[in-house]
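The structure presented is a predicted model; accordingly, all values stated were derived computationally and were not measured.
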Amino acid sequence: MGWELPERFESAHGAVRWASSGQGEPVVLMHGTPFSSYVWRDIAAALSGRYQVFVWDMPGYGQSEMRDGQDVSLAAQQEVFAELLRHWGLAEPAVIAHDFGGAVALRTALLSGARYRRLALVDAVSVRPWGSEFFRLAHDHAEVFTALPPLLHEALVRRYITTAAHRELRADVLDDLVAPWLGPVGQAAFYRQIGQADERYTREVEDRYAELDCPVLIAWGEQDQWLPPARAKDLAARIPHAELAWIGECGHLAQEDNPAQLTALITGFLAAGEVSSAR
């Protein structure tokens, strides 16, 4: 894979692997499900020329700890992110959050009191209903899916992940996206994170999004099949001061479909904050 997270933090819900690179104002990149910080590899490299960039894998994902009985729910990830911000000593970072990471960032701000300099939500889990048809099916029958023969499980995960992208994923990238979910530990972890998904965790905060007091960018793939563009419009209506930007020729996995446009949106959004601060 060539993507390594050398640092380790013992959180309340398992060991978290993380990394930082670059110097400057802090920017935290947050992945979604069923992904990991790997999806941010190219954009992290681009941003680290100007910012100190933090990436991390949530417990139960990527290179972080996966174990039986682990709590990988949205509430648990909120707790872990709040812990990490304290561990890193970040009082008010910029946060760029994709998919499930968006829900984690939103809850951490509204329920844990975290403050962000700026917040970008990229095809973010934020309003009900969650996920694709497969996601909801696997959620309701997680024990059955966990028992699938390994080869069938791998084929299913591969096909599922390809539907997140509008363009065909490169073979090596698809291999890397699938790899954490293979083997007995990875297969159990894959269905654990789906099985613990509970829409009550966004229901608790959906009506409070207007309370966000930082600049917010909502970036969304025009061809997102997992979280249709109507969700972006719903989220934008709940955050009246947010800027809504569409990413062309792009599905749910914007980092792979159109990294150039996404990077441009993010850098422009971050730079706008620097201009405002200088005035």
Side-chain angles (χ1 to χ4, degrees), residues 11-13 16 27-35 54 56-61 70-88 90-132 135-136 139 192-221 224 226-245 252 254 266 269:
S11 80
H13 298 285
V16 170
V27 177
V28 180
L29 302 178
M30 301 178 66
H31 69 82
T33 181
F35 308 110
F54 292 81
W56 62 292
D57 286 352
M58 298 182 198
Y61 294 78
Q70 188 175 23
D71 186 352
V72 295
S73 68
L74 178 50
Q77 305 296 358
Q78 168 200 339
E79 184 178 348
V80 172
F81 186 42
E83 286 183 274
L84 269 176
L85 290 175
R86 291 192 293 270
H87 176 68
W88 291 333
L90 303 183
E92 198 169 350
V95 173
I96 316 297
H98 176 240
D99 185 78
F100 185 68
V104 176
L106 287 164
R107 280 183 61 96
T108 308
L110 294 169
L111 300 181
S112 298
R115 295 190 60 81
Y116 307 142
R117 188 171 78 255
R118 301 178 83 76
L119 173 63
L121 300 168
V122 183
D123 295 86
V125 172
S126 50
V127 294
R128 294 165 290 161
W130 291 12
S132 63
F135 185 93
R136 291 190 288 272
H139 172 271
R192 184 180 303 119
Q193 46 93 18
I194 294 177
Q196 292 185 24
D198 191 331
E199 292 182 354
R200 71 184 172 91
Y201 293 124
T202 49
R203 184 172 65 244
E204 292 172 352
V205 291
E206 279 179 11
D207 295 333
R208 296 185 54 188
Y209 292 161
E211 297 175 24
L212 294 167
D213 60 358
C214 64
V216 177
L217 169 68
I218 301 170
W220 220 271
D224 191 334
W226 286 17
L227 297 176
R231 307 279 176 84
K233 296 176 182 178
D234 188 349
L235 180 58
R238 295 169 187 266
I239 311 175
H241 62 282
E243 172 191 354
L244 175 58
H252 185 70
I266 292 171
F269 180 60

*Quick one: does S126's side chain have a donor or acceptor within less than 3.5 Å of a partner on A124's backbone?*
yes
*Is there a side-chain contact between R117 and C214 (heavy atoms, below 4.5 Å)?*
no
*Would H13 and E79 count as having a side-chain donor-acceptor pair, cut-off 3.5 Å?*
yes
*Does R231 reach the side chain of W220, with side-chain heavy atoms less than 4.5 Å apart?*
yes
*Contact check, side chains of Y116 and V28, non-hydrogen atoms, under 4.5 Å*: no
Output side-chain donor-acceptor pairs under 3.5 Å for residues 90-107, partner residues at least two apart or in another chain, one line each.
residue : atom : partner : partner atom : Å
H98     : NE2  : H252    : O            : 2.9
D99     : OD1  : H252    : NE2          : 2.6
D99     : OD2  : T33     : N            : 2.8
R107    : NE   : Q78     : OE1          : 2.7
R107    : NH1  : Y201    : O            : 2.8
R107    : NH1  : E204    : OE1          : 2.7
R107    : NH2  : Q78     : OE1          : 2.9
R107    : NH2  : E204    : OE1          : 3.4

_Between OG1 on residue T108 and CD on residue E83, distance to nearest 0.5 Å_ = 11.0 Å
*Partners meeting side chain to side chain donor-acceptor pair (under 3.5 Å) with R115 (sequence neighbours left out)*: D213
*Is Q196 reaching over with its side chain to a backbone N or O of Q70, donor-acceptor style, under 3.5 angstrom?*
yes
*Does the pair R238/D207 count as a salt bridge with the N-to-O cut at 4.0 Å?*
yes
*Drop me the distance from L119's CG to M30's CE, to the nearest 0.5 angstrom.*
9.0 Å
*Sub-3.5 Å donor-acceptor pair from the side chain of Q193 to the main-chain atoms of Y61, do we have one?*
no
*If you measure from OG on S11 to CD on Q77, what distance do you get to the nearest 0.5 Å?*
8.0 Å
*Taking side chain as C-beta onward, heavy atoms only, is Y209 less than 4.5 Å from L110?*
yes
*Is the shortest side-chain N to carboxylate O distance from R208 to E211 below 4.0 Å?*
yes
_Using the rule given for side-chain contact (heavy atoms from CB on, under 4.5 Å), can you reason through F54 versus V27, listing the C-alpha separation, both sets of side-chain angles and the distance that settles it, and then say yes or no?_
CA-CA 6 Å; F54 292 81; V27 177; over 6 Å; no
*Can you check whether F269's main-chain N or O pairs, donor with acceptor, with R118's side chain at less than 3.5 Å?*
yes
_Heavy-atom donor-acceptor pair, D123 side chain to A254 backbone, under 3.5 Å_ = no
*asked:* Just verifying a value: how many Å separate L244 CG and L235 CG, rounded to the nearest 0.5 Å?
replied: 8.5 Å
*If we only count heavy atoms from C-beta on, is the L217 to L121 side-chain gap below 4.5 Å?*
no
